[in-house]
Protein chains: 2
Amino acid sequence: MASHGARGRSGGRPTLEEVAARAGVGRGTVSRVINGSPRVSDATRAAVEAAVAELGYVPNTAARALAANRTDAIALVVPEPETRFFAEPYFSDMLKGVGAELSDTEMQLLLIFAGSDKERRRLAQYLAAHRVDGVLLVSVHADDPLPDLLSQLDIPAVISGPRSAQETLASVDSDNYGGARQAVEHLLSRGRRRVAHITGRLDVYGAQRRVDGYRDALSDAGHGADEALIEPGDFTEEGGSRAMAALLERRPDLDAVFAASDVTAAGARHALREAGRRIPDDVALVGYDDSAIARHMEPPLTSVRQPIEEMGRRMIDLLLTEVADRRPLASRGLDRRQVVLATELVPRSSS
Amino acid sequence: MASHGARGRSGGRPTLEEVAARAGVGRGTVSRVINGSPRVSDATRAAVEAAVAELGYVPNTAARALAANRTDAIALVVPEPETRFFAEPYFSDMLKGVGAELSDTEMQLLLIFAGSDKERRRLAQYLAAHRVDGVLLVSVHADDPLPDLLSQLDIPAVISGPRSAQETLASVDSDNYGGARQAVEHLLSRGRRRVAHITGRLDVYGAQRRVDGYRDALSDAGHGADEALIEPGDFTEEGGSRAMAALLERRPDLDAVFAASDVTAAGARHALREAGRRIPDDVALVGYDDSAIARHMEPPLTSVRQPIEEMGRRMIDLLLTEVADRRPLASRGLDRRQVVLATELVPRSSS
DNA sequence: ATCACTGGTGGGAGCGCTCCCACAGTACCT
DNA sequence: AGGTACTGTGGGAGCGCTCCCACCAGTGAT
């Protein structure tokens, strides 16, 4: 008689209890089946699954979150205004990788923009409320307080691009050092001898590593480091243009430029044109990121490609591991919390 | 003595109960303060707020969701693959409006892509679990089962672009009829007399309305409807090109074309060029959407602009109203559940 | 036989809120 | 005086899960 709806708000969604009654088992057993515990007999499992299907039972996430103290959600935090998010393929590629890796998981992905101060305050509140089990942090600046907030709140997080060589958070990065070497070695192999470098913002660790790669590639090839061939940029087009002009003034004999980003390269190209230098005839140019800009530049730009989609996938891998490790008070599997992925040089006619 | 942490897991986050103890009031009172109920004396409210601040209390969303049977989250569902989402400014504009209108709300926005079958199944499950209080549905096709699923689950939803004149869901749309009239009237005012129309996919209600607007504008101006001047397209570039070719064959004397989208217009332009017709000298061309394509076309394309960002804002308004109306079993404020916003003609040199 | 174990199971005790009923106090009519 | 009505407040009873302990076979070692 008391089959379903003991306290039956008959209209409502079925509950665990109702499934249990229907299947003739206890609540605990249904819970075990739902959560895929192995310690359930096959017969019982079948009975429960039948009841679930008949009743159209769907677990109540809020109740689960409350009881288990987890949310089964992670956030992808973009500390940029939404405009940049849409403008740069970096983010959509990243999102594609993240989505793919998450697709056969129960985890739900939240996309959070934190470009403005207001949004950042909201985010802090959000994190303080522990509304996600983990955080993916992309495109973080050196002075960003977010990573520290996360460690303080003890929320698992993975960062794309470590802030320094001593990064404490788990991170996934592409090989900035190796990518820079590839670019420079490519230019040298093409017979260039006076290779300049326009750097990125040097408070970004990845930009520093690119400078290191540039230097080492030159010295390994027996070229002394010529500091006059290095000019700081800031990843912007104007910065690239300004830096190029400075370089041309200082070292008019340069025959190649490695720019720390495609956008920077676009600026450099502009300055080169103004100075009447032909690309690649007079000066070869290599960028970084292999963005749409590179493909559409005139002439098409040789660039270093980062496996961004794979970075997204690896970030999820890492994060899920960190989240899982926190569930039982057990084994930390921190074997490799800093992942570095190889880059690839995409040669085009600018070099 | 028993001030805080009656059952104190000292490490954990403070709870409502702890705040109540600290402030020397009952749980109910703290809850009232947190939720902004007016029936709390100023003195008590101040005491509670102080306790909240001292303890750094943040409400537990899961507990609240469980007890109150709401989630304080809404979903923006995009039934397209992510690629299109990033490619078309429509979505980013929409998102901007939505975000703006939501920013001084406690509501959290979830972005859900449902392009593939797998994703759609996930979404259905997600909605069945009632993980959001409401849904924003953009870019829905006529045969999409999603709207019905939503009404069936009794989840408030707002659709961008009604599926028919009898749309039951709340909707926000731009004035497709009026926009088409604007386009045609503009062409007539420029002295054009044989204005053709390449339609959109006619299973999209908005496309039908554009045809209606086109027809009425012509007949109101005393031009009989010439069905030979109407050719179905499908919103794609190839479709536009094909339709244009057909029109030219059938009515080589046409002197203007109103295309149901900028993309369609791009296709039409191609066909016109191939046929040796000059734009606008021989044939004037008007598109729809005022997208980047319109601005960058050669010659720049006259187009009808939809206020997409405002549409996003209005959709949120409507949705929040619907969600609020469902909270107490009270007053439905369904005054205007179908919003239509005016369009604007942006004249450029193609007409 | 007795004593471990082990796989399988039931159900109590929470998780941290909101809802709502009860009730004290004050104020304003009859 | 007694009624009625409100404001402000406390706290019990859930919301629907998970966790964990207790318990019941069955199995093999002693």
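Reminder, nothing fancy here: chain letters follow the sequence lines and each chain counts from 1.
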Legend entry - Value rounded to 0.5 Å, distance of OG1 in B:Thr29 from CZ in B:Arg32: 4.5 Å

Legend entry - Atom-to-atom span, CG of B:Leu16 to C1' of D:dG12 - whole angstrom: 15 Å

Inset, instruction - Measure the shortest side-chain to side-chain distance between A:Leu136 and A:Ser160 over non-hydrogen atoms and say whether it is less than 4.5 angstrom. - result: no

Inset, instruction - Check the distance between D:dT18's C1' and A:Asn60's CG and give it to me in whole angstrom. - result: 13 Å

Inset, instruction - Output yes when at least one side-chain N/O atom of B:Thr29 is less than 4.0 Å from OP1 or OP2 of D:dT9, else no. - result: no

Inset, instruction - Taking the side chain as every heavy atom from C-beta outward, state whether B:Arg314 and B:Asp317 have any atom pair closer than 4.5 Å. - result: yes

Legend entry - Flag side-chain contact, heavy atom, 4.5 Å: B:Val52 against B:Ile34: yes

Inset, instruction - Could you check if a side-chain atom of A:Asn60 sits within less than 4.5 angstrom of a side-chain atom of A:Thr15, using non-hydrogen atoms only? - result: no

Inset, instruction - Assign B:Arg64 to base, sugar-phosphate, or nothing according to its heavy-atom contacts below 4.0 angstrom with the strands shown. - result: sugar-phosphate

Inset, instruction - Over all heavy atoms of both residues, which pair between B:Ala170 and B:Glu322 is shortest? Give the atoms and the distance, please. - result: CB-OE2, 3.9 Å

Legend entry - Residues which pass ring pair (Phe, Tyr, Trp, His ring centres under 6.0 Å) with A:Phe113, listed by chain and number, not counting sequence neighbours: A:Phe85

Inset, instruction - Please state how far atom CD in B:Glu17 lies from atom C1' in C:dC15, giving the value in whole angstrom units. - result: 12 Å

Legend entry - Those residues of residues 30-38 of chain B lying under 4.0 Å from DNA chain C by at least one heavy atom: B:Ser31, B:Asn35

Legend entry - Nearest-Å distance for atom pair CZ/P, residues A:Arg131 and C:dC17: 13 Å

Legend entry - Distance, rounded to the nearest Å, where B:Asn69 contributes CG and C:dC20 contributes C1': 16 Å

Inset, instruction - Among B:Leu111, B:Leu137, B:Leu110, find the residue that satisfies the side-chain contact (heavy atoms from CB on, under 4.5 Å) test when tested with B:Val77. - result: B:Leu137

Legend entry - Nearest-Å distance for atom pair NE2/P, residues A:His130 and C:dG16: 12 Å

Inset, instruction - Report the distance from atom CZ of A:Arg70 to atom P of D:dT18, rounded to the nearest whole Å. - result: 7 Å

Legend entry - Residue closer to the 5' end of DNA chain C, B:Pro14 versus A:Arg39 (nearest nucleotide): A:Arg39

Legend entry - Base C:dG16 to side chain B:Arg13, donor-acceptor N/O within 3.5 Å cut-off: no

Inset, instruction - Go through D:dC17, D:dT18, C:dC15 for me and flag the one nearest to the A:Leu66 side chain. - result: C:dC15

Inset, instruction - Flag the pair A:Val323 / A:Arg70 as yes when at least one side-chain heavy-atom distance between them is below 4.5 Å, and no otherwise. - result: no

Inset, instruction - Give a yes/no answer on whether the side chain of B:Ser41 brings an N or O atom under 4.0 Å of OP1 or OP2 in D:dT9. - result: yes

Legend entry - Polar side-chain contact B:Arg27-C:dT18 base: donor and acceptor under 3.5 Å: yes

Inset, instruction - Would you mind telling me which residue lines up with the more 5' stretch of DNA chain D, B:Arg45 or B:Ala67, judged by nearest nucleotide? - result: B:Arg45

Legend entry - Nearest-Å distance for atom pair CG/P, residues A:Asp42 and C:dG8: 8 Å

Inset, instruction - Would you classify B:Thr61 as touching base, sugar-phosphate or nothing, given that sugar-phosphate means primed atoms plus P, OP1 and OP2, and contacts are heavy atoms under 4.0 Å? - result: nothing

Legend entry - Note, A:Leu149 side chain near A:Arg120 side chain (heavy atom, < 4.5 Å): no

Inset, instruction - Rounded to 10°, tell me the angle between the two end axes of the helix from C:dA1-D:dT30 to C:dT30-D:dA1, each built from five pairs. - result: 50°

